Amino acid sequence: MSKIRVLSDQLANQIAAGEVVERPASVAKELVENSIDAGARRITVEVEAGGRKLLRVMDDGEGMTRDDAVLAFERHATSKIKSATDLDAISTLGFRGEALASIASVARVELVTKTEDVPAATRVLVEGGRMRDVKDAAHPKGTTITVRDLFFNVPARRKFLRSEATESFHLTNLVTHYALAHPEIAFTLLNNGREVLRAAPAADLRERAYQIFGGEFLENLLEVGGGHSQVARVRGYVSAPRERRTSRDAQYLFINGRYVRDRLLGRALSDGYRSILPNGVYPAALLFLEIPLAEVDVNVHPAKTEVRFRRAAAVADAVREAVRDALASAGYTRPIEAVYETIGTTPLVEDDGSQQVATADETETTRPAESSISDITREIVPPTRQGSIEFGFAQPADDEPFPEALKQPLTSKGNTARDLDAILRHTQSESPEAATDVERTGTVVPFRQSGVENSVPVVNEAQQTPQATHSKSALPPLASASNLVREVPLEAISANIRPLGQLEESYIIATDDEGLLLIDQHVAHERILFDKYRRLESSRSAESQNLLMPETFDLTPAQAATFDSVAEELETYGFGLMRLSGRTVAIRAVPADLPAGEARNMLAEVLETVDSEKRGAARATLRDEIAARLACRAAIKINTPLALEKMRWLIDRLLLTSSPTTCPHGRPVILRLTTRDIEKGFHRS
Ligand code: ADP
Ligand code: MG
């Protein structure tokens, strides 16, 4: 007997549903896309119990005839393409003809629809893939699809659904995306009968963004317009550098009106902000790409959230340049960089006229073979990155616990070791982590040493092309610093730490009985403040400073829902918050150490933390997270000169904390190079 058999349609649909229907928000996505494809001017989404119990999408689009309404549930039934050639130029959001069949195979679906020219609407009932009933009904022109009891017949999938809050967050996020992509369509979202979002038809993106995010968000936005029509036209808005996010949640990216999750775009966007935003900090963005249909393949994934570009590097360039231009015209970038950026070259040292500039091709970063010393040490921005290296904080897949962004404070953890490299003239190991880190920072630390005329900049290998590596081989091989510089275990900490000075105005160089120490001044202070905040919080004695002028803050629809619970926690730390009308909040007081200018960023971060928790991210308690964020915001920044007394104060206080060797996010605070290793390095042992 043959072992192979053809699966029933119903089973095939359920399998397809595994890919198309991940969670309630994916059902909403398919239904909303169908409504948009049907030319709707008004779309209403209603959910109950995070969409598990009920999810309804109503539109006033073209509707379906009775025959079509029945056919629509067949697998591969679509009105949007006819032949394979149509696949090369898909202008509708849907085209696979799978969504309704898949959804109906794992839920109880009611479809009521009516076209313009028929007297009666049609009602179709499908349950678990079985057509139950087809009959007349009353309904204006358009379509209403109600999906009840999602996964009622697939308990295994049902178990994978997250909390109601998580699923509601995804739903809100989804509807927000489509509302931004289609300002001309009126959108309403009701969650358990409560109106979460309502947007009347708007004239343009700006007006729609105003409806959704409020005026203040908009004030911080810079208009983007660039690219070229053959590759990608880029338009929309990005935030001014003062607007800072710790996740990519405030990045709304679209390709031809389609909401996508694309690493390439996220990376290109971050590239635009190179040297302007610190690591682990993300801009907000509403970016719309218009790409010729033949240049982009949307048929990559059943949920159609991923796309493939024919010329990915060119698309990334277009995005980066458009963002860069927007920042430049608002005066945020230095012209020298802008110049080098556009000609695709990497300057390594500035102003001395003797620099050699290597030409980079589209996807690789090169470095000059050599260059002379500049007395100014500065961060230089390579224009592009190596294609093969993944961006550290790529947009997470939906369900991944929310990423490093939360664990990643403002400074990059590789810096200390890398800067020590600079001292030792070592090139660093090729650990993927180090590479990623340099990817993020793009920092090249020119080697400085008085009296040396022709020195060589220290460059991480991740940035070197084969040619560059080759040219470097003239250097004598050096031991890797990463083997010598170590984190200091708690028990090996002595009280006898003496500061000597600062490296890069960011790291305290100190000695103790064992050798040389590098203390990250920002994380050290962060640890001190974190302990302090936790103490004050538990004794309920947080100090607070009133702001002369209350700051206002606009919540997104998703944030508005959770604000109250967060506000309470924040108040225990010394915040004074007041909910004004609608989704606007006034910040009247902030914790004593927090610079007033950081108040809004702080609030945004905490709300993001809560958002990402809803997306299923694992994290410590909200209180710890607030204390950690507060500490990070209030702590001495890197690139801040410190007097010796201040360094001494920091070290003394650090030693009194609960964990002097790690910061609240688990990064090392102190690195040590032992005298023994130094001796070994000099062949004295
Ligand atoms: P696809 O969108 O890929 O074509 P779907 O399974 O999502 O496949 O939908 C099947 C078909 O049902 C669509 O091609 C369209 O003709 C019709 N349809 C679905 N939803 C609507 C709607 N809201 N209004 C009008 N027609 C719809
Ligand atoms: Mg569809």
Side-chain angles (χ1 to χ4, degrees), residues 9-10 12-22 25-46 55-84 86-87 89-107 109-118 121-126 129 131 134 137 139-147 174-175 177-178 181-182 185-188 256-260 297-305 307:
D9 273 358
Q10 198 183 338
N13 284 334
Q14 283 197 10
I15 291 169
E19 291 169 305
V20 179
V21 187
E22 188 192 342
S26 28
V27 174
K29 173 177 180 295
E30 295 297 336
L31 299 182
V32 168
E33 286 188 348
N34 281 343
S35 296
I36 294 170
D37 282 344
R41 312 303 300 172
R42 170 171 297 282
I43 298 175
T44 303
V45 181
E46 245 181 273
L55 199 158
R56 175 179 291 141
V57 176
M58 279 181 273
D59 70 54
D60 60 354
E62 63 186 8
M64 284 175 263
T65 62
R66 177 157 306 185
D67 288 352
D68 281 350
V70 173
L71 250 184
F73 289 98
E74 291 292 325
R75 196 155 149 73
H76 305 307
T78 180
S79 56
K80 298 168 194 175
I81 57 172
K82 290 198 180 75
S83 67
D86 293 345
L87 278 177
I90 292 164
S91 59
T92 49
L93 293 168
F95 58 90
R96 295 173 61 105
E98 288 185 304
L100 288 184
S102 301
I103 295 165
S105 74
V106 293
V109 177
E110 180 194 72
L111 163 78
V112 188
T113 186
K114 184 178 150 340
T115 54
E116 182 95 77
D117 47 7
V118 294
T122 298
R123 175 171 169 277
V124 179
L125 261 185
V126 188
M131 186 77 58
V134 182
H139 193 275
K141 182 196 137 208
T143 304
T144 297
I145 299 188
T146 310
V147 177
L174 187 273
V175 177
H177 266 91
Y178 278 99
H182 294 274
I185 302 176
F187 275 89
T188 308
N256 297 340
R258 187 186 296 277
Y259 156 39
V260 291
D297 184 0
V298 290
N299 190 18
V300 178
H301 186 263
K304 297 163 284 158
T305 43
V307 296

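Both ligands and their constituent atoms are indexed starting at 1 by order of listing. Note that the structure is predicted; figures quoted are calculated from it, not measured.
Only the side chain of Asp59 comes within 4.0 Å of ligand 1, judged by heavy-atom distances. Contacts between Thr143 and ligand 1 below 4.0 angstrom, taking non-hydrogen atoms only, involve the side chain exclusively.
In terms of modelled atom types and a separation under 3.5 Å, the side chain of Arg258 and the main chain of Leu93 share a donor-acceptor contact. A donor-acceptor contact shorter than 3.5 Å is absent between the side chain of Thr115 and the backbone of Met64. Looking only at distances, no side-chain donor or acceptor of Asp37 sits under 3.5 Å from a matching main-chain atom of Thr92.
Of the candidates Met58, Lys80, Glu33, the one placing a heavy atom closest to atom 2 (O) of ligand 1 is Lys80. Between Ala72, Ala104, Gly97, it is Gly97 that holds the heavy atom closest to atom 3 (O) of ligand 1.
Polar contact with ligand 1: absent for Asp37 (N/O pair, distance under 3.5 Å). Geometrically, ligand 1 and Gly63 share no nitrogen or oxygen pair separated by less than 3.5 Å. Checking only distances, Ser79 does come within under 3.5 Å of ligand 1, N or O to N or O.
Using cut-offs of 30° and 60° for the angle between ring planes, the His177 and Tyr259 rings count as parallel.
When each atom of ligand 1 is checked for a heavy atom of Thr78 under 4.0 Å away, the hits are 1 (P), 4 (O), 14 (O). Remark: ligand 1 atoms within the under-4.0 Å shell around heavy atoms of Ala99 are 6 (O), 7 (O).
A side-chain contact (heavy atoms from CB on, under 4.5 Å) with Lys114 is found for exactly one of Asp117, Val112, Val118, namely Val118.
Looking at Met58 and Glu46, their side chains come closer than 4.5 Å, going by heavy atoms from C-beta outward. At a threshold of 4.5 Å between non-hydrogen side-chain atoms, the residues Val57 and Ser35 count as touching.
Checking Asn34 against the Mg ion (ligand 2), an N/O/S atom falls under the 2.8 Å cut-off.
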